[in-house]
Amino acid sequence: MNADVAAESSSAPSLWNDPTAPVAARVDALIDAMTLLEKTAQLVGAWAGASDEGGEVAPHQHEMEEPVDLDALLPHGLGQLTRPFGTVPVDPALGALSLARTQARIAASNRFGIPALAHDECLAGFAAWGATAYPVPLSWGAAFDPGLVRRMAAAIGRDMRAVGVHQGLAPVLDVVRDVRWGRVEETIGEDPYLVGTIGTAYVQGLESAGIVATLKHFAGYSASRAGRNLAPVSMGPRERADVVLPPFEMAVREGGARSVMNAYTDTDGVPSAADENLLTGLLRDTWGFDGTVVADYFAVAFLATLHGVAADWADAAGTALHAGIDVELPNVKTYGAPLTEAVADGRVPEELVDRALRRVLTQKVTLGLLDPDWDPVPAALDGTDPADPEALRGRVDLDSPGNRALARTLAEEAVVLLANDGTLPLDRPRRIALIGPNADEPTAVLGCYSFPQHIGVQHPGTPLGIALPTLRETLATEFPDAAVTYVRGTGVDDGDLTGLDEAVRAAREADVTVAVLGDRAGLFGRGTSGEGCDAETLELPGSQQQLLDALLDSGTPVVTVLLAGRPYALGRAVTESAAIVQSFFPGEEGTHAIAGVLSGRVNPSGRLPVGVPRTPGLQPGTYLGARLAHAGDASAVDPAPAFPFGHGLSYTRFDWTDLTADTQEAPTDGEFILALTVRNTGDRPGTEVVQLYLHDPVASVVQPLQRLVGYTRVALEPGESRRLTVTVPADLASFTGRDGRRIVEPGELELRLAASSTDRRLTARVTLTGTERHVDHTRRLHATFTQKPAT
């Protein structure tokens, strides 16, 4: 169809509106009918927050952009609406009405009736006012429970879809390389297999609710030098292939993710937004990804302003399109007039525009946005009267009892008991000294992408929108017969120690001191953890270590509780605290979970997704280091952590026995089957986390000393035993060889069944036989665990 031909009348539906026609045919017909301006309009977003009065969205004024002119933009169409719920506080029902009215206007304004795709943040819950604030991803990793994360993500997706959102900007699949990086709280951990399995479960849950999951940040963002946000990345191709990329590969292949967001960083001089080998060669041509690649906010313009690989906006647009970025977010900038002018004068081939447009329109077609029965009114507003917006206020609940139950279960599973001399669980204490800056702070449980910390802080006086009980409140409920004395002691990072003497006095007069320390989440320096809140040192922020040391000197047992976005070196507290409880921003139900662990109502089962450093300067560091990264005679520095990856204690005891292997040898395309018995020998129900590590003693390229290749949670009653069988494919021993191809080599291996990366319980020594074998993205990715009662 010629682009000059007007759209057909409603009496003769166009092919693109025919739901019985093949998707590709519908998309091709629409592309043929569009002008260049109509094409590029589908490749951009407009940042516009919903109205709390139910009117249409209002363009968002951002310090890096001029607000868009919707009146000028909409006659050509619009690709995406940026964060309609995640921009200003808005009642969910009125936000849904505002979005519906805006979508009706967008569809009515362009020739083809195409609405926008609406996206929002959902890193630790739907980032909307009044929505459930779940634990941050680092807590997902601590839980080692993909099934629970999948259920949480499905609940998040259902809430988003019910109010008219189509796409969620999560999960973050960056593997932690340096915990000084401010965005560690947004990650799942330091191990690619843990990140991949938990992240893929999140994708599956979100996609099951009809929400387009967006994998970020592709690829290598977390490997920035010195842990500084948006700093260059200097990793080699093998580290990228074997550490950074596997979580994305798994989430594309097994998760069904329909969108990917580029990383801001450049790797060895090539920005991700300009990396055709990454965004097209690997992601699409090799892995077969057929969804959309969306730009991290302002990333296309950054090719000119921050990276210096584009001369102007048109050059930036052409470079990004050529690399494989389909949609510019958050606003129209380089993909607007600069791109259309560059196409018109031949600097950018129109075929690149059509390639990106085909992906965008395919996604809109599959979402039903071009079907003749498409309705801008979302399910949450079914049966309501849009003519009376005020009657809608409070009608949509994004923090249901079911959501809160999920949030509490995940928070409970994610609490990690690092150390315990027998003080925990507390046995009916009469006097508790509750000390520290996070003991009576409602938002201490929230990460930087929660709505209250991300947006709410910019609107003082606006209610939080959700119940956030402090630990002071939940401890009073958990220990109703105890006298709880609260003293702040110091701030998170203000350095004020005027309350130190009062804190020490309270500690001396108590039976036990609970010191509640850690972080305040924020953005770009407004917190101690979060995007742009990188740390120079891993000492506790402010004067918290001085407070903690003074409490340790008081003579009263100290239970150290961390509400934080990253692990910190704790100095003397590692050996002198009566107990240490680590929680990574556990969400709105988090203080109930922590109080339950302190009382024994909850038996802790969390395991560290990142190691806790022994001293403040030992970064970058990860258990995945090769032999030279570990302690040795050549250096006076011992990089061993205070508490390693995978570590976590319980209030019961577990014995691991009777390891068997079906064979000691298998070919490089074969598998091993191991079996072991795990028994709860204590007097409490509890959950053990069985971890499987692979050690390759001799390889053609240097390997990590060991790496996680499988895990499972085993819930046991006192005295109960279970027989675990684990199938270990030879593919799990694969790595990137000298020629850049992934291989499985013959040779000896150790399969280590362990309670942490340093707590090896049982080891099977096996051998791969035959010839070296090349594998690709279709290789087997998992060790398969099964459980049955032990006989």
Side-chain angles (χ1 to χ4, degrees), residues 142-149 151 193-194 197-198 201 409-410 412-420 422 424-425 596-597 599-609 644-664 666 671-695 706 708-729 732 749-766 782-791:
F144 277 72
D145 191 343
L148 181 57
V149 170
R151 288 167 53 203
Y193 186 75
L194 179 66
T197 50
I198 298 293
T409 300
L410 182 53
E412 290 175 350
E413 289 192 4
V415 174
V416 185
L417 181 61
L418 297 182
N420 186 23
L424 293 183
V597 167
S599 72
R601 175 175 52 81
V602 174
N603 190 349
S605 62
R607 302 292 185 265
L608 282 175
F645 173 85
H647 170 76
L649 303 179
S650 171
Y651 294 149
T652 191
R653 299 178 305 280
F654 301 96
D655 281 353
W656 303 27
T657 59
D658 302 327
L659 175 65
T660 62
D662 68 328
T663 179
Q664 301 299 312
E671 64 185 25
F672 300 98
I673 300 177
L674 310 180
L676 70 153
T677 299
V678 179
R679 179 181 177 84
N680 181 350
T681 59
D683 57 4
R684 292 171 179 263
T687 297
E688 180 69 296
V689 178
V690 175
Q691 301 160 44
L692 175 66
Y693 294 87
L694 185 145
H695 168 62
Q706 62 181 348
L708 185 73
V709 294
Y711 61 87
T712 191
R713 291 173 60 90
V714 186
L716 296 169
E717 294 296 319
E720 184 183 8
S721 299
R722 295 192 76 80
R723 187 71 176 165
L724 275 61
T725 300
V726 53
T727 302
V728 187
L732 300 187
L749 299 172
E750 287 186 8
L751 300 175
R752 300 171 172 177
L753 290 150
S756 78
S757 58
T758 63
D759 186 4
R760 195 188 323 172
R761 301 295 178 86
L762 301 167
T763 300
R765 292 174 177 84
V766 297
H782 303 283
T784 305
F785 284 84
T786 60
Q787 302 181 29
K788 65 179 181 180
T791 57

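Remember, predicted model here, so these are calculated numbers, not experimental data.
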Test item: Leu692 and Phe785 side chains (from C-beta on) under 4.5 Å apart, heavy atoms:
yes
Can you tell me how far apart CG (Asp658) and CG (Leu724) are? Round to the nearest 0.5 Å.
12.0 Å
Under 3.5 Å, side chain of Gln691 to main-chain N/O of Ala755, donor-acceptor pair present?
yes
Start with the C-alpha gap between Glu750 and Arg760, add the side-chain angles, then the distance that decides, and say whether side chain to side chain contact (heavy atoms under 4.5 Å, CB included) holds.
CA-CA 11 Å; Glu750 287 186 8; Arg760 195 188 323 172; 3.7 Å; yes
Gap separating the CZ atom of Phe672 from the OG1 atom of Thr663, nearest 0.5 angstrom
6.5 Å
Contact between Val678 and Asp655 at the side-chain level, heavy atoms closer than 4.5 Å - yes or no?
no
Heavy-atom pair with the smallest gap, counting every atom of Ala142 and Val416:
CB-CG2, 4.1 Å
Calculate, to the nearest 0.5 Å, the distance between atoms OG1 and CD1 belonging to Thr784 and Ile673 respectively.
10.0 Å
For a quick test of reading the model, state the closest non-hydrogen atom pair linking Ser721 to Thr677 and the distance between them.
CB-CG2, 4.1 Å
For residues Thr660 and Arg723, determine if any side-chain heavy atom of one lies less than 4.5 Å from a side-chain heavy atom of the other.
yes
Atom CG of Leu751 and atom CG of Leu694: how far apart are they, to the nearest 0.5 Å?
5.5 Å
Considering all heavy atoms of both residues, which atom of Gly646 and which atom of Tyr693 are nearest to each other, and what is their separation?
CA-OH, 4.4 Å
With no hydrogens and no angle check, just 3.5 Å: does a side-chain donor-acceptor pair link Ser650 and Asn603?
yes
Is Tyr193 close to Val709 at the side-chain level, that is, under 4.5 Å between some pair of heavy atoms?
no
Are Phe654 and Asn680 close enough, and set up right, to give a side chain to side chain contact (heavy atoms under 4.5 Å, CB included), and what steps lead you there?
CA-CA 5 Å; Phe654 301 96; Asn680 181 350; 4.1 Å; yes
Expected output: side-chain Tyr651 to main-chain Val597 donor-acceptor under 3.5 Å
yes
In this structure, CD of Glu413 is separated from OG1 of Thr687 (nearest 0.5 Å) by 7.0 Å
Minimal non-hydrogen separation, Phe144 against Leu708, with atom names
CE2-CD2, 4.4 Å
Determine yes or no for a side-chain-to-main-chain donor-acceptor pair under 3.5 angstrom, with Arg653 supplying the side chain and Thr681 the backbone.
yes
Considering all heavy atoms of both residues, which atom of Leu676 and which atom of Trp656 are nearest to each other, and what is their separation?
CD1-CE3, 3.9 Å
Drop me the distance from Arg684's CZ to Glu717's CD, to the nearest 0.5 angstrom.
12.5 Å
Tell me which one of Arg607, Arg713, Arg722 satisfies side chain to side chain donor-acceptor pair (under 3.5 Å) with Glu688.
Arg607
Mind running side chain to side chain contact (heavy atoms under 4.5 Å, CB included) on Leu418 and His647 for me, showing each step along the way?
CA-CA 7 Å; Leu418 297 182; His647 170 76; 4.0 Å; yes
How close do Leu753 and Leu659 get, heavy atom to heavy atom, and via which atoms?
CD1-CD1, 3.6 Å
Taking side chain as C-beta onward, heavy atoms only, is Thr197 less than 4.5 Å from His782?
yes
Sidechain-backbone polar pair: Ser757 side chain, Pro644 backbone, donor-acceptor under 3.5 Å
no
